[in-house]
Each structure stands twice: as C-alpha cells, then as structure tokens.
Amino acid sequence: MARHLITSALPYINGIKHLGNMVGSMLPADVYSRYLRQRGHDVLYICATDEHGTPAELAAKEQGLPVDVFCAQAHDAQKAVYDGFALAFDYFGRSSSPQNVEITQHFARRLNENGFIEERAIRQVYSPTDGRFLPDRYVEGTCPHCGYDKARGDQCENCTRVLDPTDLINPRSAISGSTDLEVRETKHLFLLQSKLQHEVEEWVSRHEADWPQLASSIARKWLNEGLHDRAITRDLDWGVPVPADTWPELAAEGKVFYVWFDAPIEYIGATKEWADQDPENRDWKSWWFEADDTVRYTEFMAKDNVPFHTVMFPATELGVREPWKKVDYVKAFNWLTYYGGKFSTSQKRGVFTDQALDVLPADYWRYFLIANAPESDDSSFTWEHFTATVNKDLADTLGNFVNRVLSFSKKRFGEEVPAGSAAGEAEAKLGEQIAELLAEYEGHMETLQFRKAAAALRALWSAGNSYLEEKAPWLEIKTDKDGAALTLRTAMNLIHLYAVVSEPFIPTTAQTMREAFSLENDTATWVTADEAKALTSVPAGTPFTVPPVLFAKLTDEDLAAYKERFGGEPA
C-alpha cells in the first residue's frame, strides 16, 4: 500500500477558529486520512498551530500575557477543540518548536548559499508613538484594490489580495491606533522568487492538470502576474531568529523570519517533532527527504492559502537545491459563508468551533460540513439548512433506521440477531445495490470529491430504509416469522456495514453502531464488494444491544434558539 503524507493549513494561534476554517482544511483532511487508514494505507497526518507573526503578538498583548505563554495556552485550547471534533492527527505540533527553528534556519542558509536570498535596504512604516517599525499586520488601513477599510498590511481579508503595509490608504498603527506614521529605511532579507519563476512554472505545469481547477487557476494567476522578490524577515520580538552565523548584523537587530516563510516549513518541523518523540521507531526524513517515489503528499486548504502552498513554498523548496518532498495534490476549498456573509475570526461573525461543540456533538457538524463542503463554489451556512440536513439525513435516514431495526428485533426476537430464512431475491437485489453504492462512495473518496462522497454515503443509508419499507417486517411477522427474522438480520448487517464505512464522516456514531453487536474478533476496517453483496458479517445468534438515540431530531424551538444566540444573518 502507498504511503500518504497529509497536511492541512496551519490554524493561526490567535483564537478559536470558526466553522469555515474547519471545513476548509482540517476536517476534510481528517476524513480523507481516516478513509485511507481504513483501506490499509500508511498515513501520516500532520498539522500544527501557526504561532509566529503579528497575530500572536497582538493577541498576547490584548490578553496581557507574554507571547510565549499566550501561544502555549492557545495551542492547548485549540487542540482541545480539535480533539472534540475527533480530528485524528498523527501529530499536532507548534511552529515555535526548536525543530522548526532548526529546519527554517537550515533552509535560509541553503537559499543564501544558492544565491536566492539578498539583503536589501527598504523603506518601512515606523511609528514614533510606538517607538518601533510596524511590520505587516501591525498596520491597518484601506485596501487600494477593493476599498475595504479594515485591510491589514499583509493581506486584504475582503478581496484576498496580498499587500505590503505601504500599499494601504490612510494607514494606522494596529498597536496604538496612531496615524502619525513615518516611512524609514531598514534592512531585510528578500527571497529572490523572480529568479525561481521558470522553475516554479515548470513544476506547476507538471502537476496542475491533476489539481482541482480552483487550485490550479490560482497558482497560474500568480505565475502569469510574475513572481516578485519578497521580504522574508520582520521586525518582531517573536519568531524564528535570523541566524547570527550567516547574518550577524540583522541578528543583532533582532530580525526574525516572516511567518509565511517559516509556517510551511513547520509541516516538516512538526514531522520531526513527531519523530523525536520516538526516534527509534519514527523516521521523519523518510516522509520528506528523497521521498518523491515513495510518498504521496496531499495538502488541504482554503483558497486564500493556495498561493503560498502552490507557488511560494515550492519556490523555497526548489531554491534549497535539496530533494525535499513537494506536494502532489492540493485540495483547495472555497469559503463557507454565514448567511451569505463571511465568517470572520477578527470580527467574531458566525459560529466558532468551540461554540458548535457546545450546541451539539461533533458528528452532527462533521457530517453537515462535509456534505456541504465549499468545493466548486462558496456555500452558505444557515441554521435552517443545518437543522433540515440533521433531521433528514442523520435523524431520519440513519438514526431512525438503526433504532427501529434494533428495537423491533429486540421486542420480537430477543437480544440476539435472529436467524430466519435463507436470503432470497430481495436480499440479493439489495446486496448488488449496496455493492454498487459502496463502489461509488469509494470512487468519490479516492478522488477527494467530498460532497459527492457524502451523497453516496447518504444513498447507502437510504437503501436500507427502502429495503425495510419494501419488506415491512412489522407486517411480515404476522404471516412469516422466519421471513421477518431474515429481514431484520439483513438490516442488522447493514447497520454494521454503515458503522464501518461511515467512520470517516461520523467516527463517534460509527463506533456506537459497531459496539451494538457483540462480535468476536470484529477487526473489519472496510467492506469488500463480495461482503457488501453477502451481508453476512453479523451472523445469527450474535448478541446485540439497542444504543441510545444516535441523532436527536432538531425542533422549531431549537432553530429559534440557535438563531437568537448566533443571529440569523451576518452582522
């Protein structure tokens, strides 16, 4: 089986993320990782908190904490939420780790040796009020491209254009709010991306046909506009230090590397963090170094992160002139909106992941978000759509099927799977249908088409309901008790099949369904086509229990309460 390296965009450390962030990176990466593990592949799913740059310093300042203390606490808080969503990272690291410092400095030295880093004097925003230079996010103002008046000095949140602080109209300090700003000369390191343009174009051209159109079009747009040399250092107190052995003057001035230089390198750094926990059994380099022929690397991210991962980080890796693994497939997502408006961490608009878990268990959110993933275009979260999806798909189609099958069988046949008649024409027809739907589901999962995969999974659940309605064991038992027993036994086998194949989407519920049956040596990780056709993995005589209601049906009162708490439209 193949070795699969999977990463999702690193969440910023400055606060709990919203649902749009979850569905645009970490959750689909987790679903795909779980699926691949079930199919027997060797999978390493790596993520980490992105802890450097101005967001960390500003958030720490707001809370009155030293930045390292703030980051440690925020990392633990985010990890707790991701554990609550049952994200099965192999390792969830920190970009402030010694491992990332080591590898980032190594990359910088190698780029410098190869002629791709240059020290330049530049004019930069300086705040006399604050007594310091103001890098990127320490400057706010009006975007020159779209007119958004809360644009940051690194990127406009509204139109996603990458900016420099000096591009902003009516700039102000994000620290003090002062508009008394000057432009002074200072020195920084620049990555000479312009010298790598041709190599990046060649690399992208070998991969873009396989990527989603969203990812390839964004990468191509950046390349067509031409790669510009970019400053990769900042005047901050918190970050990966510029190594003094290579740039003593800049090191003495306290320069650190720009967060977008060290953050992608943290994928490698976090893998080393993981390996360093068990160095005798884990080899981080085998995943990243000279691994083109042995590892398939898939990245998950929202569209605003695509340029950095399809152009800028590959340029860095190419310029190092060492055989570091580069991404094979970029799964890019559009945005999940909140009633048509943008989710916003900074403006606290929409539903945030910790709030979501406070409202309902993770599987409700996991299924809804993946079933409505913003793949081909932006998709809108509304409480009306959420409650309707939960009620129709989870409560009625899956939950009600499980409950009525097990409850009816217990009532009429006791607490063991009944035997009944041998499978007949209806069961053979059902088996063929289930095998076809399972193949469709597998095909969509293999190609990372998550909405289609969710539809195929839903169709699998619906097939069980259709079979049950056709056979109607509550009527059948009146004239053919053995036939009713066969129907229930077949339905119970469907429940076990659902438990196995639904695990990537709803892992906690899947475990509950599986544990309903006291099977010996139940080690099934997937279901073959022959097993799907036979539907005999849960034999007659197997003890079972009726689990609690899997999914509560949401009421009009629930909907009203959600809208009152969170608002029914963007602020």
Side-chain angles (χ1 to χ4, degrees), residues 12 14 50-61 67 104-105 108 111-112 116-145 148-157 159-195 226-244 246-263 307-308 312 315-316 346:
Y12 272 133
N14 63 329
D50 182 2
E51 301 187 6
H52 292 142
T54 52
E57 288 195 357
L58 291 171
K61 180 178 182 294
V67 66
T104 297
Q105 291 181 339
L111 286 164
N112 187 59
F116 295 117
I117 287 183
E118 182 176 285
E119 184 177 328
R120 294 180 181 176
I122 65 169
R123 295 177 63 77
Q124 188 172 334
V125 176
Y126 182 87
S127 170
T129 302
D130 301 308
R132 60 177 295 173
F133 285 101
L134 300 180
D136 45 61
R137 293 196 181 195
Y138 276 60
V139 186
E140 297 176 343
T142 299
C143 175
H145 303 288
Y148 181 61
D149 64 359
K150 295 183 179 64
R152 303 184 304 247
D154 63 338
Q155 188 173 26
C156 177
E157 186 184 47
C159 70
T160 77
R161 292 290 291 266
V162 173
L163 303 170
D164 284 318
T166 54
D167 295 334
L168 293 172
I169 300 168
N170 299 323
R172 59 188 178 273
S173 167
I175 302 173
S176 62
S178 173
T179 57
D180 179 20
L181 304 180
E182 302 174 359
V183 177
R184 296 185 182 180
E185 187 172 280
T186 185
K187 291 182 178 179
H188 281 287
L189 299 179
F190 278 71
L191 177 62
L192 305 183
Q193 292 186 136
S194 60
K195 294 176 66 174
L227 297 188
H228 302 288
D229 300 339
R230 296 277 299 177
I232 59 168
T233 52
R234 291 292 187 269
D235 294 285
L236 294 171
D237 298 324
W238 175 246
V240 175
V242 170
T246 308
W247 296 282
E249 181 182 342
L250 297 186
E253 294 175 2
K255 307 286 187 184
V256 300
F257 286 108
Y258 179 33
V259 62
W260 267 111
F261 181 72
D262 82 86
F308 302 102
M312 293 175 68
T316 297
S346 60

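Between Arg123 and Glu185, none of the side-chain N atoms (NZ, or NE/NH1/NH2) sits under 4.0 Å from a carboxylate O, so this pair counts as no salt bridge.
Note that the CD1 atom of Ile232 and the CD atom of Gln193 stand 9.5 Å from one another [nearest 0.5 Å]. Here Phe190 contributes atom CZ and Glu118 contributes atom CD; the two are 9.0 Å apart, rounded to the nearest 0.5 Å. The line from NZ of Lys61 to OG1 of Thr54 is 13.0 Å long, rounded to the nearest 0.5 Å. Atoms CG and OG1, from Leu181 and Thr166 in turn, are 12.0 Å apart once rounded to the nearest 0.5 Å. Atom OG of Ser194 sits about 12.5 Å away from atom CZ of Arg230, to the nearest 0.5 Å. The CD atom of Glu119 lies 9.5 Å from the CG atom of Asn112; values are rounded to the nearest 0.5 Å.
Judged purely by distance below 3.5 Å, without hydrogens or angles, the side chains of Asn170 and Thr142 never pair a donor atom with an acceptor atom. The closest side-chain donor-acceptor pair between Glu51 and Tyr12, if any, does not fall under 3.5 angstrom. Remark: the His188 side chain and the Gln124 side chain contain an N/O donor-acceptor pair separated by less than 3.5 Å.
Closest heavy-atom contact between Gly141 and Arg172: CA-NH1, 3.7 Å. Contact between Val240 and Gln105 at its shortest, heavy atoms only, is CG1-CG, 4.0 Å. Of all the heavy atoms in Val125 and Pro165, the pair that sits closest is CG2-CB, 4.2 Å. Nearest approach of Leu168 to Ala151, heavy atoms of both residues: CD2-CB, 3.8 Å. For Leu236 against Gly53, the heavy-atom pair with the smallest separation is CD1-CA, 3.8 Å. His52 and Val259 get closest at one heavy-atom pair: O-CG2, 3.3 Å.
Thr316 places a side-chain N or O within 3.5 Å of a backbone atom of Met312 that can act as its donor or acceptor partner. The backbone N or O of Thr129 lies less than 3.5 Å from no partner atom in the side chain of Ser178, so there is not a single donor-acceptor pair. At distances below 3.5 Å, at least one donor-acceptor pair connects side-chain atoms of Gln155 with backbone N or O atoms of Thr160. Checking side-chain atoms of Asp130 against main-chain N and O of Ser127 turns up no donor-acceptor pair under 3.5 Å.
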**Message:** Walk me through whether Leu163 and Cys156 qualify under side chain to side chain contact (heavy atoms under 4.5 Å, CB included).
**Reply:** CA-CA 7 Å; Leu163 303 170; Cys156 177; 4.1 Å; yes
**Message:** Run the side chain to side chain contact (heavy atoms under 4.5 Å, CB included) test on Ile175 and Tyr138 for me, step by step, so that the C-alpha distance in whole Å, both residues' side-chain angles and the decisive distance to 0.1 Å come before the verdict.
**Reply:** CA-CA 6 Å; Ile175 302 173; Tyr138 276 60; 2.9 Å; yes
**Test log, rule side chain to side chain contact (heavy atoms under 4.5 Å, CB included), inputs Leu111 and Phe261** = CA-CA 12 Å; Leu111 286 164; Phe261 181 72; 3.8 Å; yes
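The shortest side-chain heavy-atom distance between Thr233 and Val256 does not fall under the 4.5 Å cut-off. You'll find the side chain of Asp167 stays beyond 4.5 Å of the side chain of Arg161, heavy atoms only. The side-chain heavy atoms of Pro128 and Asp180, taken from C-beta on, include a pair separated by under 4.5 Å. The shortest side-chain heavy-atom distance between Arg120 and Asp229 falls under the 4.5 Å cut-off. Taking 4.5 Å as the limit, every side-chain heavy atom of Leu192 sits out of range of all side-chain heavy atoms of Ile117.
Phe257 and Trp247 have perpendicular rings, their planes meeting at more than 60° on a 0 to 90° scale where under 30° would count as parallel.
For residues 247-260, the pairs satisfying salt bridge (charged side-chain N to carboxylate O under 4.0 Å, His left out) are Lys187-Glu249, Asp235-Lys255, Glu253-Lys255, with sequence neighbours left out.
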